[in-house]
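Everything below concerns the one structure shown next.
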Amino acid sequence: MSSLAEPRRYDMIVVGGGATGLGVALDAAVRGLSVVLIDSHDFAHGTSSRSTKLVHGGVRYLAQGNIALVQEALRERAIVLKNAPYVAQPLAFVMPTYHWWDAPFFGAGLKMYDLLAGRAGLGRTEMLGRGETLEYLPTLRAKGLSGGVKYWDGQFNDARLALALARTAAARGALLVNYCQATGLQYSQGKVAGVLCEDTLTGAQHTLSSACVVNATGVWVDELRQKDGLAVPEPDGEATEPLVAPSQGVHMVVDREFLGSETALIVPKTADGRVLFAVPWLGKVILGTTDTPRQDLSREPLPFDHEIDFILKEAARYLRLAPKRSDVRSVWVGLRPLVKPPQHAGHKTKSISREHTILTSQSGLVTVTGGKWTTYRAMAEDVIEKCEQSGLIGRTRKGLTESLPLVGVGNTAMPTWSLALAPGWHSYGAEQDFVKTLPGAGEEICAGLTVAMVRFAARYEYALTVEDVLARRSRCLFLDARLASAVAHRVGDILMQETNTDPKTEAFLTLANQYVL
Ligand SMILES: Cc1cc2nc3c(=O)[nH]c(=O)nc-3n(C[C@H](O)[C@H](O)[C@H](O)COP(=O)(O)OP(=O)(O)OC[C@H]3O[C@@H](n4cnc5c(N)ncnc54)[C@H](O)[C@@H]3O)c2cc1C
């Protein structure tokens, strides 16, 4: 915050610290640009901590015939797994089949997935017999099961990957500030010249200067776009049309025994034609997701009852041990920024076919939204190219993040462990030995969380509140909301010692209540 107050002209200001903004900030910093990134909440507070946790090419896109998108995502999948192996790893998936024609149909599609991945492939697709399928997924309903198809994709800890991006960008000279909201833009002769922002904890106001401002605020991009459109209207005088039509996705977490496996289950077609996953993650199982249009843009969207019922009903169709409402440990909701490019944007709209959209407004504000976590790096390169083409920054060299190990990756190969297992010291990758040197390494707050880890979060991972620690540094809120509530005061006390600011424990308890059914 004190660095923000210094009068300085940056090459680039990034607004929004989710996957998209953090990817852009890191790419820009690695290219030698001076960058500041602000987020109104915590890094990855929005959609980027609420994904299905898959680093994937997207079998759904394959089914839609979107080959270019799948190929790009498969390439990026390999890069993520290589650059952050302690937060992103390969995961085997089994798609059970119940009709004789399912196996050749899905098998052929998934073999195509292998072919598209080429050297970036993680393992061969295999056709499984009925017995093998049940070995991989012991809790699967056996009635009518004919076999299955096993294929490989990746999984990750989304909020911790976001942190690794933030900390790597900071190590490359970028300034990253959470709890700082962009409240408006500054202009010089009709062109964007900076961002007005407010420290949401103290109310202090700052002005940041740069000709290049990237609006990477996810589903919230229209707030800044519309302010910009009022200040500097488009030449045709049309009001700035909203770009985002939000749609929500619900996930539920249940105990490991409901799946009883380190292999994920994928149901290729639910009753409403979607894909349903049961993914082993950090010692529990994630079930999801839904796709429900919303009109509002809540920071903490709540699930609809029909979404909960739908996931439980679909899970019960496939799992012998069907989870009930009372078995759900945590339920969380993410908002997808479905992009509908404005009619009049014409040539200024880029890459719609690749899922993300980049727009430059009349004033030079660059907005990016859509896409997926897996392709954050490719999106970042596209954004920087767009800034260069628009003359907002000079030419730089791309591709530098392709082989850039993130903070937490050591020089030597790390021991193998699985993201399907409960969190612990291994969640810190090469930094685990250092975390263990902090006071309280032997004091466990709950399984997988020690006093030393909370101190590390406060000292090195930008954590300020109980929510930062329990939702995104440790994933306790996402794994077991009642347990998170039970340990909140203890975490708050440690944070208070570390930061001497209010850790907002009561607000966290109210929030955690929303994650319980
Ligand atoms: C249900 C669901 C499941 C998904 N699963 C997967 C998956 O398994 N794999 C995958 O690859 N992708 C997945 N995705 C997609 C992926 O999660 C998103 O594409 C990605 O997280 C979007 O990141 P973002 O940075 O654009 O948005 P966000 O993460 O929402 O970040 C935007 C940030 O902007 C900040 N902000 C907003 N307004 C302001 C302001 N005025 N000033 C400062 N900051 C501001 C917010 O606080 C927020 O942190 C999923 C998406 C959903 C919804």
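Ligands are counted one by one from 1 in listed order, and the atoms in each one are counted from 1 as well. For the single chain, residues carry numbers from 1 onward in sequence order.
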Atoms of ligand 1, numbered as shown, that sit under 4.0 Å from any heavy atom of [X]:
X	answer
His251	1 (C), 3 (C)
Gly249	1 (C)
Gly334	53 (C)
Thr374	10 (C), 11 (O)
Ala182	40 (C), 41 (N), 42 (N), 43 (C)
Ser48	20 (C), 21 (O), 22 (C), 23 (O), 24 (P), 25 (O), 28 (P), 29 (O)
Lys53	8 (O)

request  = Kindly identify the option in Arg50, His41, Arg336, Arg299 whose heavy atom sits closest to atom 46 (C) of ligand 1.
outcome  =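 Result: the heavy atom closest to atom 46 (C) of ligand 1 is in Arg299.
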
ask   = For the atom pair NE2 (His41) and OH (Tyr179), what is the distance rounded to the nearest 0.5 Å?
value =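 One gets 7.5 Å once the value is rounded to the nearest 0.5 Å.
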
ask   = Just checking, any donor-acceptor pair under 3.5 angstrom between side chains of Asp291 and Ser247?
value =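 Yes, because at least one side-chain N or O of Asp291 sits under 3.5 Å from a partner of the opposite role on Ser247.
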
Close N or O approach ([X], ligand 1; < 3.5 Å):
X	value
Gly370	no
Thr289	no
Ser51	no
Phe156	no
Thr47	yes

query = Counting only heavy atoms, which portion of Leu224 has something under 4.0 Å from ligand 1: side chain, backbone, both, or neither?
reply =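 Answer for Leu224: neither.
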
Structural part of Glu223 in contact with ligand 1, heavy atom criterion under 4.0 angstrom =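 The answer is neither.
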
request  = Measure up the Tyr113 and Tyr151 rings against each other and bin them: parallel (under 30°), tilted (30 to 60°), perpendicular (over 60°).
outcome  =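 Perpendicular, since the angle between the ring planes exceeds 60°.
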
Do any side-chain atoms of residues 11-29 form donor-acceptor pairs under 3.5 angstrom with protein atoms, and if so which ones, sequence neighbours left out?
residue: Asp11; atom: OD2; partner: Ser34; partner atom: N; Å: 2.8
residue: Asp11; atom: OD2; partner: Ser34; partner atom: OG; Å: 3.3
residue: Asp27; atom: OD1; partner: Arg31; partner atom: NE; Å: 2.9
residue: Asp27; atom: OD1; partner: Arg31; partner atom: NH2; Å: 3.2
residue: Asp27; atom: OD2; partner: Thr401; partner atom: OG1; Å: 3.1

ask   = Asp309: what forms a salt bridge (charged side-chain N to carboxylate O under 4.0 Å, His left out) with it, not counting sequence neighbours?
value =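 Result, salt bridge (charged side-chain N to carboxylate O under 4.0 Å, His left out) vs Asp309: Arg325.
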
key: Ring-face cation of Arg77 near Trp152 (centre distance under 6.0 Å, axis angle within 45°)   =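 No, a cation-pi geometry is absent between Arg77 and Trp152.
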
query = Between the side chain of Asn83 and the main-chain N/O of Leu406, is any donor-acceptor distance below 3.5 Å?
reply =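 Here the side-chain-to-backbone pair does not exist.
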
request  = Mark the output for Leu335 as yes if a heavy-atom distance to ligand 1 is under 4.0 Å, and as no if none is.
outcome  =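 Yes.
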
